[in-house]
Amino acid sequence: MTEKSKPILVTQPAMPPLDEFVELLKDIWDSKWLTNNGKFHQQLEVALAEYLGVKYISLFSNGTLALTSALQVLRITGEVITTPYTFVATTHSLHWNGIKPVFVDVDPVYGNLDPAKIEAAITPKTTAIVPVHVYGNPADVEKIQEIADTYGLKVIYDAAHAFGVNSKGQSILNFGDLSILSFHATKVYNTIEGGAIICHNEKTKKRIDYLKNFGFADETTVIAPGINAKMNEVQAAYGLLQLNYVKENIQKRKEVAEIYDKELSKIKGIRILKHQTKAEHNYPYYPIFLDEKEYGKTRDELYDYLKTKNIYGRRYFYPLVSEFPMYRSLDSAKPSNLPNAHNIAEQVICLPIYPELATEQVNEIIQKIKEFKG
Ligand code: T4K
């Protein structure tokens, strides 16, 4: 296969220079310290807290275990209000904790949980709200907190997409009781697999750290039925290197997004997502929303056409989580309860975006979208 005919995938992980990684691997080989809060793990927690502008961060082996554990940290039970417009991991984490997800519709523009619809879904069993900062665009943190305070609910943000996103001059991760991050290979900042919980006080960090290590507080004391969700030294060392490049990578993503914005905004029937002006964005995904009447073709026709041209977008988040067999019999999963989520899930394609995507490739993708229009 020639370089030109290589498929363009929705994303491609940014990786640190191999020689830099090999140096750190030598160190790990020498020390024979592989996991359980090793030196790279400790260094990465300090470096990430500083980079992100948060007080306390606990590293995890992936974002799903971070979220599953976060619910245990706050002893969340009963019913939790959440969004259907997300990756399945958000809802599965509730399910693994024996919690009933209650789906609430999203706003029609950003696809974030609509605060105006939360109160109607609260019952005596509701204990928490789990919103998602979809595509890195901040959820309405102020309104959500107001509702949580009024009803005595906890808020755990699934901030898997929101690495480095600031809103009104501070990290979006500072809102709510806890936030979780994903450092999966497909994310803006990756540690191959990985994740984290962000909290705001030392006591909570201690509990998080016990829970991710089987519940051990010391050699002979187990304070809770914890899990094994630790990040290992190889991931942490890789993560330390990644941090040196993440700013530059976000800047490259921004440049890709700006080319798309300029050209795609001229095409009738394609809606692009304007970033909230108050937020400093991280460009994790590039979603477009297609109005089939105006564009003259359906979303799936365009999606399939692009594939024939070797361009592999993804329909994040279609189908909605509320449509999957394990959730669709819930009352709150009825499509009539979730009209906005259904609309955008039917319209979305996330186009390729990653730091090494060449301008020439971006222009080629734009060209194909223009030429396919009916
Ligand atoms: N909450 C939210 C809101 C999330 O979006 C996610 C994860 C989570 C929680 C859970 O966090 P983690 O437990 O994953 O840390 C991908 C990712 O696996 C998943 O992390 C991510 N969200 C989700 C939105 O996307 P898939 O099933 O689409 O992955 P896959 O394997 O099809 O890869 C997507 C594209 O990336 C492919 O075109 C190939 C390319 N790729 C992928 C990998 C793994 C590479 O080029 N290199 C690679 O190493 O879920």
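Given the structure is predicted, the values throughout are model-derived calculations rather than measurements. Both counts, for ligands and for their atoms, begin at 1 and track the order of listing.
Between A196, G195, A185, P352, it is A185 that holds the heavy atom closest to atom 49 (O) of ligand 1.
For the residue pair H275/H281, the side-chain donor-acceptor check at 3.5 Å is satisfied.
In this structure, CD in E263 is found 11.0 Å from CD1 in I369, a value given to the nearest 0.5 Å.
Between T86 and ligand 1, no pair of N/O atoms sits closer than 3.5 Å. Residue G63 has at least one nitrogen or oxygen atom sitting less than 3.5 Å from a nitrogen or oxygen atom of ligand 1, judged on distance alone.
For Y285, every heavy-atom contact with ligand 1 shorter than 4.0 Å involves the side chain, none the backbone. With a 4.0 Å heavy-atom cut-off, ligand 1 is reached by the side chain of T186 but not by its N, CA, C or O. Heavy atoms of K187 found under 4.0 angstrom from ligand 1 belong exclusively to the side chain.
In this structure, K205 pairs ionically with E45, as a charged nitrogen and a carboxylate oxygen lie closer than 4.0 Å.
Less than 4.0 angstrom separates some heavy atom of A89 from each of these atoms of ligand 1: 8 (C), 9 (C), 10 (C).
Other residues, nucleotides and ligands contribute at most 12 non-hydrogen atoms within 6.0 Å of the NZ atom of K262.
Under a 4.0 Å heavy-atom criterion, Y135 is not in contact with ligand 1.
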